There are 2 protein chains.
Amino acid sequence: MVKKATIADVARLAGVSTATAGRVLGSYGYTKAETRDKVMQAARKLGYRTNALARSLITGRTRTIGVVAGDIQNPFYASILRGIADVVERHEFGLLIVNSDESLEKEIRAVNVLMEKQVDGLIVSPCDTRNARHLRDLQAFGLPLVLLDRAVAGLEVDRVTIDNIAAAGRAVAALLAAGHKRIGLVGELLEEPEGGLAGFIRRGLAGEVLSTDTLYPSWQRLLGYLQAHRQAGLPVDETLIRRVGAYSAEKAQRVAEALIHNADRPTAVFATDGTMSEGVIAAISSARLSVPDQLSLVCFDDLEWMSFLPPGISTMAQPRLAMGEIAATMLLERIEGSQVPARAQVLSAEFVERGSITRRPT
Amino acid sequence: MVKKATIADVARLAGVSTATAGRVLGSYGYTKAETRDKVMQAARKLGYRTNALARSLITGRTRTIGVVAGDIQNPFYASILRGIADVVERHEFGLLIVNSDESLEKEIRAVNVLMEKQVDGLIVSPCDTRNARHLRDLQAFGLPLVLLDRAVAGLEVDRVTIDNIAAAGRAVAALLAAGHKRIGLVGELLEEPEGGLAGFIRRGLAGEVLSTDTLYPSWQRLLGYLQAHRQAGLPVDETLIRRVGAYSAEKAQRVAEALIHNADRPTAVFATDGTMSEGVIAAISSARLSVPDQLSLVCFDDLEWMSFLPPGISTMAQPRLAMGEIAATMLLERIEGSQVPARAQVLSAEFVERGSITRRPT
DNA sequence: CTGAAAGCGCTTACAG
DNA sequence: CTGAAAGCGCTTACAG
């Protein structure tokens with residue numbers, strides 16, 4: 001175990017002051033080339049390495065950002081994180097990652113820990129779009145924050161989200177255009193809005209859902225489903241809309257099974273995210289239904305298997321990497337001092353048409 | 001933008017010394033209940049938050065560990081990272097994550113950055129099992145290190161790996177037992193050993209491959225493939241062994257296509273990891289081959305789709321979460337001061353039999 | 001271009 | 001149980 005060399009050690013060996021050694025080793029201020037050489041040589045001899053902690057304590061910046069994601073194991077977050085990491089690494093920043101498991105309590109704790117570690121900024125996919133005092137405090141505190149995938153009511157900070165309503169609308173419209181009239185929906189649909197699911201459906205069809213901006217993504221996608229029906233002039237059968245209530249493929253599978261084992265099952269299903277899609281496809285597989293002959297399917301988010309699972313699953317692909325890259329870029333800009341008003345980057349999902357929709361005889 | 005309150009501010013408001021305030025706020029040393037109350041109240045009023053940087057500078061510990069993984073977006077690493085995060089969060093440690101993309105240069109840079117940030121320990125999946133001076137230095141430096149998935153020649157530190165040779169042997173033996181005699185292998189096989197692929201196959205069959213411990217996982221799995229053939233008394237057709245040379249599903253797909261488009265294609269294929277499996281299944285899908293009727297398949301690593309892709313893909317499941325949990329636990333033990341000799345945790349993969357192997361007429 | 005001194009926000013002996 | 005003082009390893013005015 002070697003004792004770590006400090007700037008003082010290097011300075012002593014090089015025969016200069018710690019201030020000068022610091023200037024050379026930290027590449028700031030002015031130094032004579034000759035001095036630089038002396039110091040660098042001493043540093044090399046001692047195996048000197050910067051202690052970023054001490055530097056950060058003075059400069060007030062750690063060159064580290066924190067990310068609070070739902071679950072790094074989920075491909076959705078994994079890709080976003082990769083996008084974030086790419087940008088962050090390019091700027092020589094560190095990346096501190098914590099899982100929230102969509103629990104408000106964990107999220108609060110995560111934000112606290114990250115603040116204590118003095119991150120220069122935070123990217124959070126908030127698990128509660130209303131109760132977010134810890135995030136509002138951040139803003140008051142002056143710590144840059146970027147919201148990911150979800151917005152928070154009344155919190156005006158940078159964010160990057162997907163145009164969920166429009167995207168889901170297009171996905172469902174594709175089904176409608178193929179003649180489907182009974183389209184099932186399997187959605188996570190956490191965070192029940194006032195009036196419950198039934199109330200939401202009623203208001204959604206009546207065009208009475210306000211502040212759609214701060215709705216949870218799966219609720220926004222349900223809204224897209226409803227709007228697509230309304231635009232097609234088709235009624236919505238509430239019993240076809242199934243709520244899983246958790247980010248769990250297993251639970252989604254059970255919900256999907258109940259939906260498709262039904263005698264008068266829908267002719268098509270819309271799964272509102274990658275996890276739901278896994279559950280739905282598992283249900284389809286265990287029921288030995290053939291897609292699209294016996295059941296058409298449209299998913300949301302493009303997972304690897306969707307391309308090679310015959311007949312190819314049509315889906316709304318979210319630009320996950322870009323979401324992460326943009327969030328990180330925005331955050332870095334704030335850290336560099338940008339004062340522009342809060343930006344809302346709404347990215348479009350792209351419909352990837354493969355083979356999981358069949359035309360229904362009308 | 002609120003000015004951050006420091007211990008000095010709290011001490012002043014509470015009318016005590018900074019030492020006392022520090023004792024209360026940092027929960028160390030002795031303090032009177034009454035004093036505690038005064039200090040806590042002052043802290044609350046000022047919105048005091050600990051500056052972990054300052055504390056770490058003194059204590060010499062950051063309660064943060066660093067992980068260098070190949071690619072956090074890859075399900076293999078994503079799950080391992082989740083396992084690590086679970087343990088680490090439970091112990092109230094932070095987690096700094098960097099991607100190496102299996103590039104030695106990036107790995108070295110990552111380790112450097114993490115050291116400068118003064119992590120208490122590192123978990124690395126080394127991308128080079130020989131050139132690893134940066135890792136040997138770590139050891140000399142006294143910084144706890146746990147190796148993940150791969151060992152490094154001559155580096156005696158804790159590590160957690162999979163029994164790749166045995167596991168691959170069992171996977172291939174299952175194919176052999178079903179009467180297959182022409183089994184293709186699609187492997188990543190980076191880091192060519194001396195004598196190249198052909199030389200390795202020859203030595204592997206002759207039982208002359210030494211230091212199998214520090215072989216790259218895909219080479220170990222190839223060795224398992226060879227040993228299974230030897231034990232079955234069957235010759236190996238070298239042309240059936242295909243090297244991708246990169247962790248890329250796209251490249252694996254092209255390699256697999258070349259293998260199975262062949263007129264006298266193998267009757268079964270063994271894919272040596274999750275990424276290779278994706279490439280192989282994509283090739284099978286685009287060639288419209290039916291599994292297992294036209295081609296049997298065994299994979300390595302159990303990805304979500306393998307369970308619901310008909311007919312269900314048989315595979316060697318690696319305990320990814322456990323790998324991460326164990327690695328983190330080992331590291332935390334070292335950080336707590338454990339001095340036991342370096343431990344090599346070799347975990348078993350479990351054969352998950354589904355429907356992708358069919359019996360060949362003998 | 002360089003050095004002496006102060007200080008970032010904590011914790012740690014040491015004395016009382 | 002508490003306080004005064006020193007110090008962790010750097011950077012930052014300030015003087016020269």
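So you know, we letter chains A, B, ... as the sequences are listed, proteins then strands, and number each from 1. In this text the structure is predicted, and so the values were computed from the model without any measurement.
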**Message:** What I'd like to find out is whether the side chain of A:L138 reaches to under 4.5 Å of the side chain of A:M115, using heavy atoms alone.
**Reply:** yes

**Item:** Below 4.0 Å: OP1/OP2 of C:dT2 and any side-chain N or O of A:S17
**Value:** no

**Exercise: do B:R23 and B:Y30 side chains pair donor with acceptor under 3.5 Å** = no

**Request:** Both distances under 3.5 Å, Watson-Crick or G-U wobble: report the partner of D:dA13, or none.
**Result:** none

**Message:** Working note: B:N51 + B:T6, criterion side-chain contact (heavy atoms from CB on, under 4.5 Å); need CA distance, chi angles, decisive distance, verdict.
**Reply:** CA-CA 8 Å; B:N51 182 332; B:T6 69; over 6 Å; no

**Complete:** In this structure, CG of A:N112 is separated from CZ of B:R49 (nearest 0.5 Å) by 4.5 Å

**Message:** Under 4.0 Å from OP1 or OP2 of C:dC1: is there any side-chain N or O of A:T31 that close?
**Reply:** no

**Item:** Opposite nucleotide pairing with C:dA4, Watson-Crick or G-U, both atom distances under 3.5 Å
**Value:** none

**Message:** Output one letter per nucleotide in nucleotides 8-16 of chain C: B when a protein non-hydrogen atom lies under 4.0 Å from the base, S when only the sugar-phosphate is that close, - when neither is.
**Reply:** BBBBBB---

**Least distance between heavy atoms, B:L57 atom then A:L57 atom** = CD2-CD2, 3.6 Å

**Prompt:** Passes side chain to side chain donor-acceptor pair (under 3.5 Å), B:T129 versus B:E191? Steps please.
**Reply:** CA-CA 9 Å; B:T129 58; B:E191 240 201 9; 3.1 Å; yes

